[in-house]
Trainee: 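Pasting in a structure now, in structure tokens, and then I'll have a few things to ask.
Proteins come first, then strands; the chains are lettered A, B, ... in the order of their sequence lines, and each starts at number 1. Please read these numbers as outputs of a predicted model, since none were measured by experiment.
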Amino acid sequence: MNNRPTVIDYLIHAKYFVQILLSFTMLALRRGPVSLLRDMRRYPWLFTLLRAPLLMGRLAAGRAGLYREANELLISFIVRRMVGLLVRALERGDTFILHQEMVPPEISTAMGLSVWPAELLSILLPLLDSHAAEEYIDCSENEGIPPDICSHVKMTLGIVLSGQMPPSSVIVSSNLPCDGNMTGYEITRRWNNASIYRLDIPFNFYDDRAAEYFAGELRRMIAWLEENTPGRMDWERLKQICEERNRMAEIEIELWEMISARPAPMAAEPVYLGHLWSFNADPGRPEATRFFRRIADMTRRNLEAGVRAVPNERFRAVLWNPPLLHFSELFRWAEEAYGITLVIDSMTYNSQPLIDTATPDTMLRDLGKIIMQGPMARHTRGPAENYIDDIFRIYHRFDLDMVWVAGHIGCKNTMALNQMLREACREKGVPLLIIEYDLSDQRICSHEGIIRQIDHFMQNVMKVGRNGKEHATREAVASNVTADACASHLEE
Amino acid sequence: MNQYAGISLFDDLLAEPLNRLAEQAMGEGRVPVGYTCSYVPETLLSAGKLFPVRLRAPGIAGTEMADTYMSNVICSYTKSLLEFAIGGAYDRLGGVVFTANCDHMRRLMDNLEYLRKPAFSHTLDVPHKRGGPALDWFTEELKMLADKMSAHFGVSAAGDDLAAAIRSRNAFAEALRAIGDLRKLDPPLITGGEFHRVMIASLVSPKDLLMPLVEDFRRRAVERGGVGPYRARIMVAGGELDDLSFIDVIESQGGLVVADRFCTGSLPGLEPVPESGDPLRAIAQHTLYKVLCPRMMEEFDEREEAIRQTALEYRADGVIIQAIKFCDTWGVEGSTLTAALRSAGIPVLRLEREYRHGGEGQLRTRVQAFIESMGK
């Protein structure tokens with residue numbers, strides 16, 4: 001099998017390139033030349049967004065067929081949807097509000113409000129430009145935010161403090177996913193001189209009492225939004241949104257079934273980045289459902305034709321914790337260098353995906369459960385077993401060979417669990433790589449540094465060299481996952 | 001500034017996680033229950049034969065094992081507790097009550113349960129805001145803890161028994177408040193270092209056994225007259241602080257610490273718990289409203305105002321905001337708070353520190369510079 005792109009691959013690439021250009025043109029037309037120039041001066045990150053075709057090129061390079069096209073579809077879809085969000089953000093009507101990433105957007109959307117996810121830029125910009133986060137992180141630290149706070153939080157605050165966050169007089173935030181994020185919203189509030197509603201999400205979230213409390217919080221949020229914005233709750237609209245979200249979730253479950261196959265017919269960015277965008281920025285939008293259906297169709301076609309996403313698939317991995325934002329081509333590199341297929345990631349795997357749309361109460365309860373029991377909440381706040389047991393659950397469900405943990409130095413929640421995880425993995429014979437790095441700031445650990453960690457793990461634990469050089473058989477690898485091997489990697 | 005010679009009695013009580021008064025109580029059949037955070041109501045842990053002991057790691061030399069488990073980016077208070085726990089320092093406690101209050105505390109709890117599970121443990125899920133629903137939730141949380149303690153220890157933590165515990169708590173808190181008020185005078189009758197010792201001793205000792213020492217200290221302080229000389233009156237705000245030498249170093253540079261608005265300090269936590277109505281609800285309300293920690297999402301303005309009012313009331317010339325390194329809540333809030341207080345004309349020194357005593361030279365230099373910057 002080879003993954004050399006064909007002429008058709010290049011033509012398809014050109015098609016998506018044109019689609020991206022059309023999206024940018026749409027933005028220019030909607031804003032008009034004068035407003036757009038003013039926007040670009042006020043929001044310099046708009047220039048970074050223009051790099052989307054380059055990101056598409058990086059993800060497509062070295063990939064072929066439907067897997068390649070799925071990556072191209074993904075980027076063009078995100079650009080198109082981002083342009084839609086941008087138009088609303090830049091127009092800043094009185095329905096424009098700022099949401100923290102753990103607040104379910106379905107409700108505000110059903111109220112007729114335009115939601116801008118405050119952390120959106122902190123996710124997208126480093127994907128597009130490895131260095132994009134640095135000026136905002138520096139800005140944040142210069143304003144007194146301690147360097148040890150999560151760089152994702154610092155970047156978001158830096159965007160706020162440098163005046164580059166679209167301003168809003170209404171904000172909804174929560175106590176998730178971590179203390180740094182939660183506390184930082186006071187800065188965002190003060191900077192915007194905004195009114196804010198803060199959702200309180202319980203720690204013990206597995207019982208009806210917690211579900212009821214949080215559903216109550218969502219009800220109070222709705223009442224507050226009705227007082228502070230022109231938005232009005234439209235329960236029928238919420239039902240439609242939840243049903244649409246359910247359809248997307250069902251397609252995603254089908255996708256998971258298909259990628260459980262060995263070798264995987266689809267992998268990496270279309271799976272994890274597709275989820276990250278669709279379920280966080282666009283849930284309940286028909287466009288997002290259509291995107292997921294197309295990804296699932298491509299996957300099915302590959303599966304039925306016996307086509308692997310990664311032609312030389314030798315190892316299957318899960319990525320735990322948020323993806324390495326500033327190293328967007330990492331998995332493409334890992335595919336080429338070691339035949340590693342990233343099958344799924346922890347942020348994608350939500351064990352509570354569907355919403356009962358029977359009544360407003362059931363919708364609020366289940367939307368609440370999606371947040372409370374969603375990956376970020378489960379893993380960063382809930383008891384340790386949430387974090388560790390989920391890893392083994394996914395490891396078996398997707399027939400994996402190794403676990404990669406993105407050991408973001410700023411995520412204290414998960415850093416404090418890694419030793420327990422190491423010991424659990426040793427006990428179960430699960431190869432574990434903890435990549436020590438920073439989520440958004442590659443000055444902490446460069447791409448070369450990340451690659452060195454992976455090389456070291458692959459050679460010492462998995463006993464293979466790059467490009468298929470054998471260091472041991474796969475069977476031998478399984479029996480060779482020893483505490484010493486893991487420890488020697490980690491000590492480095 | 002000279003300290004009262006009898007203060008060494010309090011120093012003795014603070015040298016070990018379980019002091020001689022705790023040992024004495026245990027000898028009488030009473031049971032110490034550890035806790036880690038101000039959001040655990042001491043009153044509830046005082047039911048029947050129980051008495052609360054705030055977990056400390058006095059004299060800790062290093063956190064090598066805890067670093068392995070909790071990493072090097074976690075607050076050194078929680079790591080110090082884990083290190084002591086691994087070494088068995090808390091094995092004689094009847095149990096430990098945690099809160100899910102911050103990322104570090106939660107992971108301490110996870111690691112402690114994994115490495116050395118306490119005989120009895122419970123985690124309070126404290127809401128991140130106030131108001132009716134949150135108060136209901138927290139009252140239920142306390143009820144669950146009370147029921148669990150009743151089942152495990154065979155004590156009654158409800159009704160009249162709990163009301164009696166509230167009255168005892170209020171009487172003891174009033175005694176401490178009377179001592180704390182001596183700092184308002186000019187010159188104050190006690191040093192900040194002395195009061196810090198009394199406060200920390202009150203968190204780790206059975207209160208009935210400590211009461212005679214507290215009363216004796218107050219009597220002698222009044223007899224002694226004012227302390228001094230000093231260059232500036234300082235208020236210390238921030239997070240967990242039980243390192244006795246921290247305030248001593250500030251005072252050694254002429255900065256008399258007259259107000260303690262940190263989580264192991266007296267302000268405003270010593271205010272009385274209402275003695276009427278449902279005792280559990282009264283405790284829940286007192287806890288949610290009198291502990292001013294930035295882990296509460298909605299009360300920044302109140303916390304800022306509390307510092308300003310306290311500084312005014314105690315005639316503080318400046319405020320030191322101290323937090324243990326890697327504390328996210330105080331880390332982020334510290335930047336906002338510093339800017340807000342400075343814009344209100346209050347001199348602020350912001351310090352990051354480790355749980356255990358260290359960096360004394362740097363601390364001296366920064367305090368000296370701060371006092372000089374105030375023109376004192």
Trainee: Identify which of B/T123, B/T338, B/T329, B/D103 forms the greatest number of heavy-atom pairs closer than 4.5 Å to chain A.
Mentor: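 That would be B/D103.
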Trainee: With a 4.5 angstrom heavy-atom cut-off, which part of A/S140 approaches chain B: side chain, backbone, both or neither?
Mentor: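 A/S140 has no heavy atom closer than 4.5 Å to chain B.
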Trainee: A/K154, A/E143, A/M182, A/E385: which one forms the most heavy-atom pairs within less than 4.5 Å of chain B?
Mentor: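 The residue among A/K154, A/E143, A/M182, A/E385 with the greatest pair count is A/M182.
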Trainee: Atom CG in B/D110, atom OH in A/Y387: separation rounded to 0.5 Å?
Mentor: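 Taking CG in B/D110 and OH in A/Y387, the distance rounds to 11.5 Å.
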Trainee: Check whether A/S174 gets within reach of chain B through its side chain, its backbone, both or neither, counting any heavy atom under 4.5 Å.
Mentor: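 The answer is the backbone of A/S174.
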Trainee: So how far is it from B/E333 CD to A/I187 CD1, rounded to the nearest 0.5 Å?
Mentor: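 Answer rounded to 0.5 Å: 9.5 Å.
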Trainee: Heavy-atom pairs under 4.5 Å with chain A - which of B/A134, B/G334, B/A66 has more of them than the others?
Mentor: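 Ranked by contacts with chain A, first place is B/A134.
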Trainee: Under 4.5 Å between any side-chain heavy atoms of A/P146 and B/R350, yes or no?
Mentor: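 Answer yes - side chains close enough.
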Trainee: Got a second to check how far A/R209's CZ is from B/D125's CG, nearest 0.5 Å?
Mentor: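 Nearest 0.5 Å value for the CZ-CG distance: 7.0 Å.
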Trainee: Identify the heavy atoms of A/I145 and B/S335 that sit nearest to each other, and give their distance.
Mentor: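 Scanning both residues, the minimum pair turns out to be CD1-OG, 3.4 Å.
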Trainee: Please indicate whether B/E352 has more than 12 foreign heavy atoms, meaning atoms of other residues, nucleotides or ligands, lying under 6.0 Å from its CD.
Mentor: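 Count over threshold, so yes.
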Trainee: Less than 4.5 Å apart, side chain to side chain, heavy atoms only: is that true for A/D179 and B/P294?
Mentor: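 Answer no - side chains too far apart.
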Trainee: Could you walk me through whether A/E423 and B/Y69 pass side chain to side chain donor-acceptor pair (under 3.5 Å), step by step?
Mentor: CA-CA 10 Å; A/E423 291 177 7; B/Y69 279 92; 2.4 Å; yes
Trainee: So that I can tick it off, tell me whether A/R189 and B/E298 are bridged by a salt bridge, with the cut-off set at under 4.0 angstrom between side-chain N and carboxylate O.
Mentor: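 No, B/E298 and A/R189 are not salt-bridged.
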Trainee: Flag the one option from A/E186, A/R198, A/M415 with the top tally of heavy-atom pairs under 4.5 Å to chain B.
Mentor: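 Of the candidates given, the most pairs with chain B belong to A/R198.
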Trainee: Would you check if A/D148 and B/V73 make a side-chain contact, meaning some heavy-atom pair closer than 4.5 Å?
Mentor: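 A side-chain contact under 4.5 Å is absent here.
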Trainee: Indicate yes or no: at least one non-hydrogen side-chain atom of A/K412 is less than 4.5 angstrom from one of B/D328.
Mentor: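 A/K412 vs B/D328: side chains touch.
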Trainee: I'd like to check A/L199 versus B/M297 (side-chain heavy atoms, cut-off strictly below 4.5 Å). Are they in contact?
Mentor: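 Answer no - side chains too far apart.
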Trainee: What distance do A/W191 atom CH2 and B/T336 atom OG1 have between them, rounded to the nearest 0.5 Å?
Mentor: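 So the gap between those two atoms works out to 12.5 Å.
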Trainee: First locate atom CD1 of A/I149, then atom CZ of B/F326, and finally report the distance between them rounded to the nearest 0.5 Å.
Mentor: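 Result: 10.0 Å between the selected atoms.
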Trainee: In terms of heavy-atom contacts, does NZ of B/K143 have more than 12 from other residues, nucleotides or ligands at under 6.0 Å?
Mentor: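 Not buried by this count: 12 neighbours or fewer within 6.0 Å.
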Trainee: Cation-pi check for A/Y197 against B/K129: NZ or CZ below 6.0 Å from the six-membered ring centre and within 45 degrees of the axis, yes or no?
Mentor: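 Because its charged atom sits under 6.0 Å from the ring centre and within 45° of the axis, B/K129 does stack over A/Y197.
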Trainee: Tell me, side chain or backbone of B/K325 under 4.5 Å from chain A's heavy atoms, or both, or neither?
Mentor: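 Side chain only.
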Trainee: Highest number of heavy-atom pairs under 4.5 Å with chain A: which of B/H128, B/R295, B/E141?
Mentor: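 Highest number of pairs under 4.5 Å: B/H128.
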Trainee: In terms of heavy-atom contacts, does CG of A/N142 have more than 12 from other residues, nucleotides or ligands at under 6.0 Å?
Mentor: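 More than 12 within 6.0 Å, yes.
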Trainee: How far does CZ of B/R107 sit from OG1 of A/T414, to the nearest 0.5 angstrom?
Mentor: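 The CZ atom of B/R107 sits 7.5 Å away from the OG1 atom of A/T414.
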Trainee: Should A/N204 and B/M144 count as side-chain neighbours, where that means a heavy-atom distance under 4.5 Å?
Mentor: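 No, their side chains stay 4.5 Å or more apart.
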Trainee: Within a radius of less than 6.0 Å around CG of A/N193, do more than 12 heavy atoms belonging to other residues, nucleotides or ligands occur?
Mentor: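 No - once you tally the heavy atoms of other residues, nucleotides and ligands closer than 6.0 Å, there are 12 at most.
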Trainee: Does the pair B/N111 and A/M420 meet the rule for a side-chain contact (heavy atoms from CB on, under 4.5 Å), with working shown?
Mentor: CA-CA 8 Å; B/N111 279 282; A/M420 287 169 67; 3.4 Å; yes
Trainee: Provide the closest heavy-atom pair for A/G180 versus B/V332 in the form atom of the first, atom of the second, distance.
Mentor: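 Scanning both residues, the minimum pair turns out to be O-CG2, 4.2 Å.
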Trainee: Measure across A/Y213 and B/P133 and return the closest heavy-atom pair with its distance rounded to 0.1 Å.
Mentor: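 That would be CE1-O, 3.6 Å.
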Trainee: Answer yes or no: does atom CD of A/E226 have more than 12 heavy-atom neighbours from other residues, nucleotides or ligands under 6.0 Å?
Mentor: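 Counting neighbours around CD of A/E226, more than 12 heavy atoms of other residues, nucleotides or ligands fall under 6.0 Å, so yes.
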Trainee: Is A/R190 paired with B/D301 through a side-chain N to carboxylate O contact shorter than 4.0 Å?
Mentor: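 Answer for the salt bridge query: yes.
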Trainee: Which residue out of B/E113, B/M296, B/E140 racks up the most heavy-atom pairs below 4.5 Å with chain A?
Mentor: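 Of B/E113, B/M296, B/E140, B/E140 has the most heavy-atom pairs under 4.5 Å with chain A.
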